[in-house]
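Worksheet for the structure shown next.
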Amino acid sequence: MFNMLRMDLRRLFKSRNFKIILLVTTALIFMVSLMTAVISDPETLDGMSVQGAEIDEIDRRISEEIRNMTQLDLAHETLGGGFLLIMVGIGVTLFVSGDFSSGFVKNICCVHPRRANYVLSKALAAGVYSGIITLLGTLLILLVPYLYGMRPVSSPIAGILQYLFWMWLPHWAFALMALALVLLTRNSTLGIILSLVAGGGLTAVLLGTLGNLLHWPPLEQYLLASLVKGLYLPQLGITKTGGILACTLVWAVVYGTGCLLAMEKRDL
């Protein structure tokens, strides 16, 4: 299994799709940071007002709030909406679906008949993939604002590392969702669509709306996108981190079981 994992990681790092995902992630964070810097600059707002733009008190209050944010506040405002979930889901979908579109999965399963090893290798590779995307996104959003003249309040290194770890766990579970969909459908279409829908929080909104109509408990809070959205470091305690860990493990088990069943029940 470890030989298979090394092979998967080697293929991953050489993959063009992987490099494209990294590039897109970097470009979008630079763009978001630029927009944030523009909004937070009072001189820019004054200039826009002089040119006829409608700048009201709410806009100036938001600008001031952004200037007073810590590094982690700014990071969470940018990443808490599920942006990295979408990147991870699409990336893992494209990576794994390549095995089926190229026929590589038949060769590897002939050499390694135990399909559970194939699933475990892909699950660990998905963990590495999600870890790299989470690390890249977090580091960029912490550092790039300085290039645009922003000076967010510094956050402690220990807090940044804690935030990074708790961000990675739900992103890994989300990557397993993408893996399960690819193994079930043998193509990338559904995985990409669901990555956009679920990662962007639309699934949580729909479930919350349905729950309100049917008087259900707030089940949407247990979805991975909701976990990421609620992952605000100053509020984290034993109860909060325990909930994140429990939800992540449950979803990982669900999606992992789906991966195994999808591989064992269908012919290649």
Side-chain angles (χ1 to χ4, degrees), residues 21-22 24-45 48 55-90 130-172 174 195-205 208 220-221 223-237 240-241 243-244 247-248:
I21 290 293
L22 295 181
V24 170
T25 301
T26 301
L28 289 178
I29 288 181
F30 267 87
M31 293 172 59
V32 171
S33 298
L34 176 59
M35 294 172 59
T36 304
V38 170
I39 295 173
S40 66
D41 185 7
E43 294 183 0
T44 301
L45 292 181
M48 294 171 61
I55 305 298
D56 55 22
E57 189 62 29
I58 296 178
D59 297 322
R60 298 189 182 277
R61 189 180 305 120
I62 293 175
S63 176
E64 183 178 359
E65 290 177 355
I66 293 176
R67 292 195 300 274
N68 293 331
M69 283 182 176
T70 66
Q71 288 178 305
L72 283 176
D73 290 334
L74 187 59
H76 187 69
E77 285 296 321
T78 304
L79 306 179
F83 161 62
L84 294 184
L85 286 175
I86 295 174
M87 293 293 103
V88 167
I90 293 176
S130 58
I132 292 173
I133 295 296
T134 305
L135 177 62
L136 175 67
T138 304
L139 288 179
L140 286 175
I141 200 59
L142 292 175
L143 299 177
V144 170
Y146 289 95
L147 299 179
Y148 297 120
M150 296 182 66
R151 293 293 182 268
V153 180
S154 298
S155 296
I157 298 298
I160 292 174
L161 294 177
Q162 183 182 355
Y163 181 80
L164 182 62
F165 174 75
W166 291 109
M167 279 286 282
W168 170 58
L169 289 181
H171 283 78
W172 188 359
F174 197 84
S195 294
L196 292 169
V197 173
L202 181 57
T203 304
V205 172
E220 70 278 3
Q221 65 180 318
L223 298 182
L224 294 172
S226 298
L227 292 182
V228 171
K229 186 176 181 179
L231 185 61
Y232 185 64
L233 190 68
Q235 300 173 355
L236 286 183
K240 186 72 172 180
T241 55
I244 294 172
C247 288
T248 300

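In this chain, numbering begins with 1 at the start of the sequence shown. Please read these numbers as outputs of a predicted model, since none were measured by experiment.
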- Query: Roughly how far, to the nearest 0.5 Å, is the CG atom of L72 from the CD1 atom of I141?
  - Reply: 11.5 Å
- Task: Under the side chain to side chain contact (heavy atoms under 4.5 Å, CB included) rule, what do L196 and I90 come out as? Steps first, then yes or no, please.
- Result: CA-CA 8 Å; L196 292 169; I90 293 176; 4.1 Å; yes
- Item | From CD1 (I29) to CE (M87), nearest 0.5 Å | 10.0 Å
- How many angstroms lie between atom CG of L28 and atom CZ of F83, to the nearest 0.5 angstrom? 4.5 Å
- Query: Tell me the side-chain hydrogen bond (donor to acceptor under 3.5 Å, both in side chains) pairs involving residues 141-161, sequence neighbours left out?
  - Reply: Q71-Y146
- Note on the structure: For A225 and L85, the nearest pair of non-hydrogen atoms, with its separation, is CA-CD1, 3.7 Å
- Message: Here's a test for you: under side chain to side chain contact (heavy atoms under 4.5 Å, CB included), which of D73, D41, T36 qualifies with I66?
- Response: T36
- Measuring from W168:CH2 to L135:CG, what's the distance to the nearest 0.5 Å? 11.5 Å
- Item | Backbone N/O of E220 and side chain of S226: donor-acceptor pair under 3.5 Å | yes
- Task: State, to 0.1 Å, how close H76 and K229 come at their nearest heavy-atom pair, and which atoms those are.
- Result: NE2-O, 2.9 Å
- Query: Passes side chain to side chain contact (heavy atoms under 4.5 Å, CB included), I133 versus H171? Steps please.
  - Reply: CA-CA 9 Å; I133 295 296; H171 283 78; 6.0 Å; no
- Task: Measure from the side-chain N and O atoms of S63 to the backbone N and O of I39, and report whether any donor-acceptor pair falls under 3.5 Å.
- Result: yes
- Task: Answer yes or no: is there a side-chain heavy-atom contact under 4.5 Å between M69 and S40?
- Result: no
- To the nearest 0.5 Å, atom CD1 of I21 lies from atom CG of L84 at 11.0 Å
- Message: Give me the atom names and distance for the closest heavy-atom approach of G199 to F174.
- Response: N-CZ, 3.5 Å
- Item | Rounded distance (nearest 0.5 Å) linking atom CG of L227 with atom CH2 of W166 | 11.0 Å
- Query: Which atom names give the shortest non-hydrogen contact between L224 and P170, and what distance separates them?
  - Reply: CD1-O, 3.9 Å
